[in-house]
*Asks:* 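Quick one: the structure is below, and I'll ask about it shortly.
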Amino acid sequence: MSLNTQGILAAVSIAMYAPFLFISIKLVAKYGILQGDGWVMLLVFCILRVLGCCLLVAADETTPVSTSLYVGGYSLQASGLCPLLLCTLGLLHSVFQTPDGVMRYKIIFRLLQAFGTAAVILMGMSYASSDSSSSTSNIMRRTGVIVLAILYIIVVGICIFIWTQIRFVMKYRKQLLKVISVALPFLAIRTVYSVLTMFSTSSHVMITTATTAATIQPNTGDLAKFNIFTGEWQIYLVMYMFMEYVIVIIYSVASFVLPLNEDGKNLLTEMRSSSDSISDRVSMSSIIPS
């Protein structure tokens, strides 16, 4: 059985994200879970992408049609924005780290993470509902994506705030902040696409016909071309797949190029050197007669 357009794009995504799945595992091992929650969310994102695309490919290859595979695959696809936002939020949190390893504003960032997690849970519940086309399910999905859009605005606000306090940021974390700033426009386009997708139709339910061919309820609204199910695949490719992939590449490359673990060590070494220099001058002044 040949793959349709969505199936082909899903297969391409598997090939794209499989290497980054292993890279993100290495990043979590390098930075740890507690101090590297941004990298943990990058790993979660890669897992969701690979798993969701595997379900979509399997759905295309399965006869008779399995609606549950499509629903599961598209549910994971729709939930991908949240881990990307939380990844960015976690990386911003690491910029606030002090030389002795203390993560400042931990409570605030944990609340924001819970805020985003609640949004994706709300969206997941709407897809898992027995009547995913009901008005209640649609309201849940749209509420969830609005919450994620608000979270993006908060992320931008935090980034701007850090730039105003840049003189207090450690050396390599300043570089990380630049990396995050570069990724934000791509994340903005991805967020806008999710919003347009959720408001592109009043229904996201799949129908299995008597001939076992999986179809989607027709969508003729003004935003129909942005629909993740029935919209134009070119828009999906650019605003969805390409934006996500660029962000993952940016963060992954930065993680290997920037020696973030050296920040605290370098600053403490400079402080010790400065302290030793002051001590030497004091000692010399006590020896030299007035």
Side-chain angles (χ1 to χ4, degrees), residues 23-24 27-28 30-45 80-120 146-192 194-195 243-271 274:
I23 290 174
S24 56
L27 293 177
V28 173
K30 178 180 178 181
Y31 292 103
I33 295 178
L34 296 179
Q35 297 294 331
D37 48 353
W39 310 117
V40 172
M41 295 314 301
L42 183 63
L43 173 60
V44 171
F45 171 79
L81 176 61
C82 182
L84 268 187
L85 285 169
L86 295 184
C87 171
T88 305
L89 190 65
L91 296 180
L92 283 174
H93 191 197
S94 68
V95 175
F96 282 105
Q97 185 174 337
T98 63
D100 54 357
V102 176
M103 304 290 283
R104 293 182 292 170
Y105 310 112
K106 185 175 293 186
I107 295 178
I108 295 176
F109 278 91
R110 289 291 179 262
L111 289 174
L112 291 175
Q113 289 171 347
F115 188 58
T117 303
V120 77
I146 289 174
V147 169
L148 292 180
I150 294 173
L151 183 60
Y152 173 79
I153 295 173
I154 294 174
V155 166
V156 173
I158 293 174
C159 188
I160 294 174
F161 171 76
I162 298 177
W163 275 112
T164 64
Q165 307 294 316
I166 193 65
R167 63 185 182 278
F168 301 113
V169 178
M170 291 186 287
K171 177 181 178 181
Y172 294 114
R173 277 161 175 74
K174 290 180 181 178
Q175 303 301 318
L176 179 60
L177 181 60
K178 294 179 182 178
V179 169
I180 296 171
S181 300
V182 170
L184 283 181
F186 298 98
L187 189 56
I189 296 174
R190 175 62 183 86
T191 303
V192 169
S194 284
V195 174
M243 294 301 121
E244 288 184 346
Y245 201 58
V246 170
I247 295 169
V248 172
I249 290 175
I250 290 174
Y251 288 163
S252 298
V253 170
S255 66
F256 285 102
V257 173
L258 299 177
L260 299 176
N261 287 334
E262 299 297 319
D263 258 341
K265 297 177 183 178
N266 292 340
L267 190 55
L268 289 175
T269 300
E270 292 175 2
M271 292 174 64
S274 177

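Computed over heavy atoms, backbone and side chain alike; hydrogens, waters and symmetry mates excluded.
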*Asks:* Give, for atom CD1 of Ile160 and atom OG of Ser181, the distance between the pair rounded to the nearest 0.5 Å.
*Replies:* 9.0 Å
*Asks:* Considering the options Ile247, Leu148, Val44, Leu89, which one meets the side-chain contact (heavy atoms from CB on, under 4.5 Å) requirement together with Leu84?
*Replies:* Ile247
*Asks:* What's the verdict on side chain to side chain contact (heavy atoms under 4.5 Å, CB included) for Val40 and Tyr31, showing C-alpha distance, side-chain angles and the deciding distance?
*Replies:* CA-CA 9 Å; Val40 172; Tyr31 292 103; over 6 Å; no
*Asks:* Using a 3.5 Å distance criterion without hydrogens, assess whether the side chain of Ser252 forms a donor-acceptor pair with backbone atoms of Ile249.
*Replies:* no
*Asks:* To the nearest 0.5 Å, how far apart are CG in Leu176 and OG in Ser94?
*Replies:* 5.0 Å
*Asks:* Could you note down all residue pairs passing side chain to side chain donor-acceptor pair (under 3.5 Å) where residues 183-192 supplies at least one of them, sequence neighbours left out?
*Replies:* Arg190-Ser194, Arg190-Glu244
*Asks:* Using 4.0 Å as the upper bound for N to carboxylate O, is an ion pair formed by Lys106 and Asp37?
*Replies:* no
*Asks:* Using side chain to side chain contact (heavy atoms under 4.5 Å, CB included) as the criterion, list what pairs up with Ile250, not counting sequence neighbours.
*Replies:* Val179, Val182, Ala183, Phe186, Val246
*Asks:* Within this structure, what is the CH2-CG distance for the pair Trp163 and Leu177, rounded to the nearest 0.5 Å?
*Replies:* 4.5 Å
*Asks:* Looking at residues at least two apart in the chain, or sitting in another chain, which of them share a side chain to side chain contact (heavy atoms under 4.5 Å, CB included) with Gln175?
*Replies:* Lys178, Leu258
*Asks:* Using the side chain to side chain contact (heavy atoms under 4.5 Å, CB included) criterion, which residues pair with Cys87? Sequence neighbours excluded.
*Replies:* Met41, Leu42, Leu91, Tyr251
*Asks:* Output all residues satisfying side chain to side chain contact (heavy atoms under 4.5 Å, CB included) with Val169, sequence neighbours left out; order by chain, then residue number.
*Replies:* Val95, Ile162, Ile166, Arg173, Lys174
*Asks:* Around Ile107, counting heavy atoms of other residues, nucleotides and ligands shown, do more than 12 lie under 6.0 Å from its CD1?
*Replies:* no
*Asks:* Shortest non-hydrogen contact from Leu112 to Leu151?
*Replies:* O-CD1, 4.0 Å
*Asks:* Is there a side chain to side chain contact (heavy atoms under 4.5 Å, CB included) between Ile150 and Ile146 once you walk through the steps?
*Replies:* CA-CA 6 Å; Ile150 294 173; Ile146 289 174; 4.1 Å; yes
*Asks:* Please list all pairs meeting ring pair (Phe, Tyr, Trp, His ring centres under 6.0 Å) that have one or both residues in residues 89-111, counting only residues at least two apart or in different chains.
*Replies:* His93-Phe109, Phe96-Tyr105, Phe96-Phe109
*Asks:* Let me see the working for Thr88 and Tyr152 under side chain to side chain contact (heavy atoms under 4.5 Å, CB included), right down to the final yes or no.
*Replies:* CA-CA 9 Å; Thr88 305; Tyr152 173 79; over 6 Å; no
*Asks:* Just to verify, which of Thr117, Leu81, Val155 counts as forming a side-chain contact (heavy atoms from CB on, under 4.5 Å) with Leu86?
*Replies:* Thr117
